[in-house]
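Keep in mind the model is a prediction, meaning the values are calculated, not measured.
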Amino acid sequence: MTNGMSFPRRALDQVHLLEELDRAGASALAIGEEMYCPRLTRRFTETSDQLGIPVLWIRYPMPFVAISRAVAEATLLEQSQRLMRTARIYDVIRRTTTGGGDRSRVAQLIGQELRCPVFICDRLTGRSYHPSSASPPPAVSEAVRRASAEGVITAGGRSFTSSDGADVLVLEVPTHEQALLVVVREGGAALDAILLQHAATVAALELSHLHLALEHERRAGAELMAQLLEGRIQERAALDQLRVFNLEARESVAVSATAADIDQLRDLHVALWRMGIPHVVALRGDIAHGLIPSGENVVPDLMRALGPSGRLGISKPLVTASGAADAAREATWALGTTRNSTERVARYGSVSSWGGLRDVDDARALVEQWLGPLLTHDAQHHSDLVATLSSFLSNGRSWQRTASDLNVHRQTVLYRIHKVEELTNTSVSQTAHLAQFWLALEARSLLGGELAP
């Protein structure tokens, strides 16, 4: 609003004023009538029509404060309605604190508030993030995948038109990179951008609550897996606890998995939950050890969860719960065979390893014969004979490179290798002995190191 006293006279200046008002987000321009405003030019009126900025003449007796009050009162109802709808959006969390996590109630209740179909989707697939929630129509899923492929989604979301003509609004879910809030706007319905951001925040709160519950289940499963691997649980108790995770020992296999992205291993339990695959998983170093159902259809889903760099070893079916430790060795053995193969998945017993080693028993016998005295000495004296021998062979039997690799003095390497020869009654100058040492180290690696006897 202006009394026109500082209003420009030249046409170009008047146009510039309108453009600046439009850039600042002004809705209209009100000018006091019969006050100080110069004549408005034709270019000014044409520009106001082009920009959609109405120009109002305000009669002289009308005070500007009265207009301000009228505008404020007109928007008060809108602000009040937005506040009430925002409160109802956040009330969704209170109404969804109970019930299972396989289905999102937040999406359904937000949809009722926005009067539009709402989905919480996986960024890559475009399908529902929750395994039991209804996924969006295929055309909407395709639009979600396209949104993900095009990069970062800006604040307020991005609008896409699906192949069947639906208007699809895609928003980021704060703190959950793999999830997107998807709103299918029907009939060109106007949606409040601020309300949508609150809806995305509520979706994030639901997912955070869900992931905390999944993390609690993962820790319980990891503890059970550790007890099985270390033989610290009785058969009956193990069977009962496996049933809590919807697993039957006779219908399960052990798996060992790796991936270049360690985060994919850390979040493997989430991916398995989303695929509806019963499981217990424990992460040891850079290998995930777990139990899953033995069905063939489970493997493709598990490989998708591991990503393009994933590798998987699968044991023979378990006979008893107490056989999980042996099954884990089988799975780790099978995983090790993929290192020298183009195959990313290996089942124990279906592939042969190098060096004539047929199975875990062969490998354990070889490790026991050639590395057993060294492993025992390392355990009793906290020494590093096995690590030194491995480095010595990897560095082409170079004393100096081995010393540099282990960050010790060259004389220390000489002492340790002589100790290796003494304990095993061998000589590193003999090729046959070196070959057996190398095979034994590789066999121990196949057995998973800490899983070896």
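A 6.0 Å sphere centred on CZ of R232 holds more than 12 heavy atoms belonging to other residues, nucleotides or ligands. In the displayed structure, R274 atom CZ is contacted under 6.0 Å by more than 12 heavy atoms of other residues, nucleotides or ligands. Counted within 6.0 Å of CG on N407, heavy atoms from surrounding residues, nucleotides or ligands total 12 or fewer; the atom is thus considered open.
Counting only distance, with no hydrogens or angles, the side chain of S252 and the backbone of L291 share no donor-acceptor pair below 3.5 Å. Remark: the backbone N or O of A325 is not paired with any side-chain donor or acceptor of E230 at under 3.5 angstrom. Panel note: side chain S133, backbone Y129; no donor-acceptor pair is recorded below 3.5 Å. Between the E330 side chain and the Y348 main chain, no donor and acceptor come within less than 3.5 Å of each other. Side chain of Q14 to backbone of T41: a donor-acceptor contact under 3.5 angstrom is found. The backbone N or O of A260 sits less than 3.5 Å from a side-chain atom of S309, completing a donor-acceptor pair. Under the 3.5 Å distance criterion, the side-chain polar atoms of E235 are matched with a main-chain donor or acceptor of S322. Put simply, the side chain of S135 gets close to the backbone of S128: a donor and an acceptor are under 3.5 Å apart. One N or O on the side chain of S162 and one on the backbone of A166 form a donor-acceptor pair closer than 3.5 Å. The backbone N or O of L335 lies less than 3.5 Å from a partner atom in the side chain of T338, making a donor-acceptor pair.
Between E177 and R123 there is no salt bridge, since no side-chain nitrogen of the basic residue lies less than 4.0 Å from a carboxylate oxygen of the acidic one. Ion pairing between a basic and an acidic side chain is recognised when a charged N comes within 4.0 Å of a carboxylate O; R311 and E343 show no such pairing. Ion pairing of E215 with R219 is present here, as a side-chain N (NZ or NE/NH1/NH2) and a carboxylate O approach within less than 4.0 Å. Ion pair E46/R43 not flagged as a salt bridge, since none of the NZ, NE, NH1 or NH2 atoms sits closer than 4.0 Å to an Asp/Glu carboxylate oxygen. Between R250 and E248 there is no salt bridge, since no side-chain N of the basic residue sits under 4.0 Å from a carboxylate O of the acidic one. A salt bridge does not link E172 to R158: none of the charged nitrogens lies less than 4.0 Å from a carboxylate oxygen.
In summary, the side chains of D405 and T402 do not present any donor paired with an acceptor at a separation below 3.5 Å, with no hydrogens or angles considered.
Put simply, the side chain of I31 does not reach to within 4.5 Å of the side chain of I58, judged on heavy atoms. Residues H269 and L214 have side chains in contact (heavy-atom distance under 4.5 Å, counting atoms from C-beta outward). The shortest distance between side-chain heavy atoms of L312 and R344 does not fall below 4.5 Å.
A side chain to side chain contact (heavy atoms under 4.5 Å, CB included) with L181 holds for exactly one of T201, L196, V173; it is V173.
Between the CG atom of D384 and the OG atom of S391 there is a distance of 11.0 Å, given to the nearest 0.5 Å. For the atom pair CG (N297) and CD1 (I277), the distance works out to 8.0 Å, reported to the nearest 0.5 Å. Taking CZ of R185 as the reference point, atom CG of D167 lies at 4.0 Å (rounded to 0.5 Å). Summarising the geometry, atom CG belonging to L212 is positioned 11.0 Å from atom CG belonging to L207; distances are rounded to the nearest 0.5 Å. One finds the CG atom of L17 at 11.5 Å from the CG atom of D22 (value rounded to the nearest 0.5 Å). Taking NE2 of H289 as the reference point, atom CZ of R329 lies at 11.0 Å (rounded to 0.5 Å).
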- Residue pair D13, F7: steps toward the side chain to side chain contact (heavy atoms under 4.5 Å, CB included) verdict: CA-CA 9 Å; D13 293 335; F7 207 88; over 6 Å; no
- Task: Step by step, work out the side chain to side chain contact (heavy atoms under 4.5 Å, CB included) result for V184 and L169.
- Result: CA-CA 6 Å; V184 182; L169 188 63; over 6 Å; no
- Please assess S104 against E206 for the test side-chain hydrogen bond (donor to acceptor under 3.5 Å, both in side chains), listing each intermediate value before the final yes or no. CA-CA 8 Å; S104 172; E206 181 191 43; 2.9 Å; yes
- Take V299 and R347 through the side chain to side chain contact (heavy atoms under 4.5 Å, CB included) test and state the conclusion after the steps. CA-CA 11 Å; V299 175; R347 290 185 177 274; 3.5 Å; yes
- Task: Would you please test V170 and V168 for side chain to side chain contact (heavy atoms under 4.5 Å, CB included) and show each step?
- Result: CA-CA 6 Å; V170 181; V168 181; 4.0 Å; yes
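Minimum heavy-atom separation, T2 to L29: CG2-CD1, 4.2 Å. Nearest heavy-atom pair across S27 and P54 is O-CD, 3.3 Å. D378 approaches V386 most closely through the heavy-atom pair OD2-N, 3.1 Å. For the pair R444 and V367, the tightest heavy-atom approach, listed with the atom from each and the gap, is N-CG2, 3.6 Å. The two residues A321 and A238 have their closest heavy-atom pair at CB-CB, 3.6 Å. Pairing each heavy atom of S315 with each of A327, the nearest pair is CB-O, 3.1 Å.
Note on ring orientation: taking the six-membered ring where Trp is involved, the planes of W273 and H130 are perpendicular (angle over 60°, cut-offs 30° and 60°).
Judged by the 6.0 Å and 45° rule, R146 forms no cation-pi pair with F160.
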